[in-house]
Amino acid sequence: MSVSWTVSAFACVVLAMCVCVCSADGSAPNSLAGSWSSHQGRASFLFESFETKPGSFNISFSMRHGPSNGVATVSGSNIDLTVYIYGGRMQKLVGHPDSNFSYINWTSPTGDKPSTGAQWCRAWTDGCLSPTPPYPKVFTFDNVFGSNMVLQQEPAMAAVYGKFPPGTSPSATATVTVTSDGGESYTVNAVVNKTHIPQGPDNLTLAEELGWVWPGPYQTWKALLKPTKAGGNYTITAKCSGCFQADQYNNATITNVTFGDMWFCSGQSNMWLPVDHSFSRNDTLHAITNENKYHNIRLVAQGSGTSPIKSGYDYSQAWMTALQASAVTGRPAEPAFFKMGASCWYFAQKLTDLLESQGKVVPIGIVDTAIGGQRIEEYMDNATIGVCKNRTAPGKWDGPLFASMVVPFVDMTIKGIVWYQGENNMGAIKGNSIDNIGYGCEQRELVRGWRRIWSSTPGTTAPDAAFGVVTLASSGSEGGPNMGAMRYAQTANYGILPNAAMPNTFLAQAYDLQDIWGPRAGPCYTEWHCCPYDPKTCNATTAKLCQASCAGNDDTPIAMGGIHPRNKKPVGDRLGTAAFNVVYGGKVPMSGPTLSSCSVSGNSLSIKFNETILAGDKVKLNKYNRGRTLSQLQVQTNASNFCVEPLNGPNGKYCPSWAGGPSPPNATVGEGWISLNITSTDGSGVAVDLTPLNGTSPTAVRYAWGIINCCDPDDALLYVTHPCLPSCPISSGSGLPANPFIAQIVGGSCQCVAPQKC
């Protein structure tokens with residue numbers, strides 16, 4: 001537990017879970033800074049800092065590993081301070097400490113807790129038996145840095161940064177020395193108070209906006225290293241000149257550091273979903289431990305969602321090589337890399353495979369800060385979010401995760417970003433970037449805003465840093481409408497990445513990547529009850545049939561049902577393939593067929609796809625259930641019904657201008673779609689049979705729009721002997737699904753809604 005608060009000299013303040021009581025005369029006590037740590041007993045209670053400024057003082061402390069109840073009292077000249085702890089939380093602090101504050105005596109309560117005595121000494125106090133003061137009371141790297149990590153390779157300058165201890169003189173300076181395993185070294189000077197983290201004195205406004213009260217304020221340091229080629233093994237040591245503590249606390253070192261490409265992953269729960277919940281986890285583990293593969297990947301081997309500043313989690317201890325992270329440890333016994341976000345990991349894995357196919361071995365570093373159940377507005381900074389109209393719950397959701405999960409990393413030089421989010425925005429307007437409305441605007445502005453802050457130091461992260469996006473699987477609707485419009489908005493309404501509004505971006509379609517086993521769909525679970533085995537309903541024949549289904553579902557943990565598909569390797573494969581082309585100059589197909597044009601001739605609708613984007617690949621028509629017309633291709637025959645995103649207004653449903661309107665209120669707007677069969681492909685397009693329209697001309701066409709299920713419901717053994725593998729009707733020859741599209745048909749030809757062109 002860590003708590004910090006501010007107490008006014010003229011009033012007492014109640015903050016969150018603590019009560020602060022002023023000194024009797026209402027005056028602010030004298031300045032005090034330092035750290036206290038346990039050296040006796042089993043408890044660990046840290047007074048992190050005590051600072052004064054005109055009119056108020058700040059106190060911060062943590063209680064770790066110790067008794068959850070008790071009273072801590074302070075002894076010393078002119079001191080009367082008592083801290084009451086109940087249920088693991090600080091309930092009350094009373095007293096008036098001063099600069100003679102030197103130690104805390106703890107006495108645990110009587111009752112069900114055993115008596116525990118301990119003494120907490122102020123760090124560096126003469127006679128105190130405490131060892132090295134706890135983080136971050138020494139000069140240190142920020143905790144997003146650690147041994148075994150990857151720093152960004154040339155041509156960029158990698159940045160390292162950290163904090164001075166509280167109370168450090170404003171004139172203190174820092175230097176950073178980089179030493180290779182061959183003994184070559186160089187030293188650079190750090191700049192002071194030029195990081196974006198809220199602890200810095202120049203950034204207190206951000207902390208105050210978020211309602212956080214920080215111990216300190218800390219001064220920060222940041223150093224830019226020389227551009228360094230990929231590879232190598234380096235020791236990096238930072239040193240403070242002018243810090244007030246003993247010399248042994250003035251140095252910080254990280255070891256076994258290499259240079260390569262750093263990728264930052266974030267989003268919500270489908271980016272959070274750990275490798276442990278992916279079907280390919282054991283294959284990957286075997287490849288690392290038995291085939292000597294993926295040893296170039298280094299990762300923060302932990303579950304995402306822990307903020308390096310808000311939760312106090314120390315990322316530095318979680319940096320591991322893939323081989324280190326493959327060791328089976330802990331309870332339950334499992335490899336640490338199983339905690340890593342699966343989509344992020346498989347992205348790095350596929351990128352490694354493709355680069356090695358060209359004879360290149362590039363160290364790749366990955367960190368994942370995704371959190372489930374979050375909205376895009378939470379990841380946007382205040383300067384960016386105001387650009388967009390009709391966003392989700394303005395104010396309530398704005399910015400907190402940007403501060404806690406993104407800001408700690410924005411001074412780190414990176415190669416690019418991968419983003420997988422949108423489920424919790426499904427209930428809001430998806431909008432259109434061209435009119436700065438809804439998610440379409442927010443996706444574009446998130447990219448721009450993150451690039452702007454990450455590249456604010458010239459020569460570090462590129463101003464157009466690569467940015468990858470994953471579209472939502474159909475299970476990610478969260479009950480919200482217009483899933484097709486959401487995927488469209490995820491491309492800033494261009495239907496494809498990269499585009500003019502989002503250059504140097506790449507896309508992984510996931511609409512066809514449902515959980516391949518349902519999960520727990522089909523008669524093995526719902527009718528025969530063979531998984532788990534129920535002898536009343538499961539006989540020998542069905543039990544044998546269900547072996548694959550039982551193993552497919554139960555060997556890989558399910559996380560909250562189908563909203564988190566476990567087949568995350570295809571997501572990573574598509575991301576890695578697209579990044580290989582956009583970022584690394586690869587020449588392999590990276591996108592499925594993308595609408596280019598269409599034309600009506602008699603009883604046939606001809607749809608053509610962009611051959612430049614196909615990059616030499618061919619359009620493929622996969623087998624589907626024609627009897628049920630499950631082509632995922634539909635047309636309208638009433639132009640007044642067309643709308644990309646129908647909305648509900650006070651007078652009924654309508655279509656706004658940015659969605660293909662305007663239209664007057666119309667109960668059938670957005671409806672009237674008729675499924676038709678696709679008859680053939682010539683390698684660059686497909687032909688659609690219009691005969692069922694009985695001579696009526698189509699007025700609009702769409703494909704894979706909305707909640708998509710490309711499985712055959714008439715397949716009696718689906719989810720029994722075999723899963724539903726991704727195989728929607730239109731794909732590329734390399735297996736990438738066609739990008740969803742929607743367009744009006746005017747004068748026999750397709751017209752897309754701006755900004756998309758066709």
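- Side chains of Asn610 and Thr594: no donor on one and acceptor on the other come within 3.5 Å.
- Annotation for Ala500 and Pro503: closest pair O-CD, 3.8 Å, computed over non-hydrogen atoms.
- In this structure, a donor-acceptor pair under 3.5 Å is present between the side chains of Gln421 and Tyr439.
- At a cut-off of 3.5 Å, with distance as the only test, a side-chain donor of His564 or Ser269 sits close to an acceptor on the other residue.
- For the 3.5 Å distance criterion, the side chains of Thr668 and Asn641 qualify, holding a donor opposite an acceptor.
- Using a 3.5 Å distance cut-off with no hydrogens or angles, the side chains of Thr471 and Gln490 do not pair a donor with an acceptor.
- There is no side-chain donor-acceptor pair under 3.5 Å between Asn677 and Asp689.
- Under the 3.5 Å distance criterion, the side-chain polar atoms of Lys653 are left unmatched by any main-chain donor or acceptor of Gly649.
- Of the N and O atoms on the side chains of Asn424 and Gln374, not one donor lies less than 3.5 Å from an acceptor on the other residue.
- Side-chain contact, Asn436 with Arg444: a donor N or O sits under 3.5 Å from an acceptor N or O.
- Taking the six-membered ring where tryptophan is involved, the planes of Phe506 and Trp263 are perpendicular, since the angle between them exceeds 60° and thus also 30°.
- Taken to the nearest 0.5 Å, the OG atom of Ser631 stands 5.0 Å off from the CD1 atom of Ile678.
- Taking the six-membered ring where the residue is Trp, Trp419 and Phe467 present tilted rings, their angle falling between 30° and 60°.
- Side chain of Gln632 to main chain of Asn709: a donor-acceptor pair is present (N/O by atom type, distance under 3.5 Å, no hydrogens or angles).
- Side-chain polar atoms of Ser591 and Asn739 form a donor-acceptor pair below 3.5 angstrom.
- Without hydrogens or angle criteria, Tyr488 side chain to Asn493 main chain gives a donor-acceptor distance under 3.5 Å.
- For the atom pair CG (Leu513) and CG (Leu472), the distance works out to 12.0 Å, reported to the nearest 0.5 Å.
- Thr696 and Thr637 share no side-chain donor-acceptor pair at under 3.5 Å.
- Arg451 and Thr461 are not linked by any side-chain donor-acceptor pair at a separation below 3.5 angstrom, with hydrogens and angles left out of the test.
- Distance CG/Leu605 to CD1/Ile745: 5.0 Å, rounded to 0.5 Å.
- Taking the six-membered ring where tryptophan is involved, the planes of Trp673 and Phe642 are perpendicular, since the angle between them exceeds 60° and thus also 30°.
- Closest approach of Thr491 to Gly495, counting heavy atoms only: OG1-N, 2.8 Å.
- Ion pairing between Glu378 and Arg375 fails under the 4.0 Å rule for side-chain N and carboxylate O.
- A donor-acceptor contact shorter than 3.5 Å is absent between the side chain of Asp435 and the backbone of Ile437.
- For the pair Asn482 (side chain) and Ala485 (backbone), a donor-acceptor distance under 3.5 Å is absent.
- With no hydrogens or angles considered, no side-chain donor-acceptor pair links Asn432 and Glu645 at under 3.5 Å.
- Of all non-hydrogen atoms in Leu497 and Asn499, the two that sit nearest each other are CD2-ND2, 3.3 Å.
- With hydrogens and angles disregarded, no donor-acceptor distance shorter than 3.5 Å links the side chain of Tyr379 to the backbone of Leu446.
- Tyr346 and Ser278 are linked by a side-chain donor-acceptor pair at a separation below 3.5 angstrom, with hydrogens and angles left out of the test.
- Without hydrogens or angle criteria, Ser475 side chain to Gly562 main chain gives a donor-acceptor distance under 3.5 Å.
- Atoms NZ and OH, on Lys757 and Tyr494 in that order, are 7.5 Å from each other to the nearest 0.5 Å.
- Using a 30° and 60° split on the angle between ring planes, Trp450 and Phe264 fall in the perpendicular class, above 60°.
- Using a cutoff of 4.0 Å between basic side-chain nitrogens and carboxylate oxygens, Arg574 and Asp512 are scored as salt-bridged.
- When only modelled atom types and interatomic distance are considered, Glu423 and Asn270 share a side-chain donor-acceptor pair under 3.5 Å.
- For the residue pair Trp345 and Gln349, a side-chain donor N or O sits within less than 3.5 Å of a side-chain acceptor on the partner.
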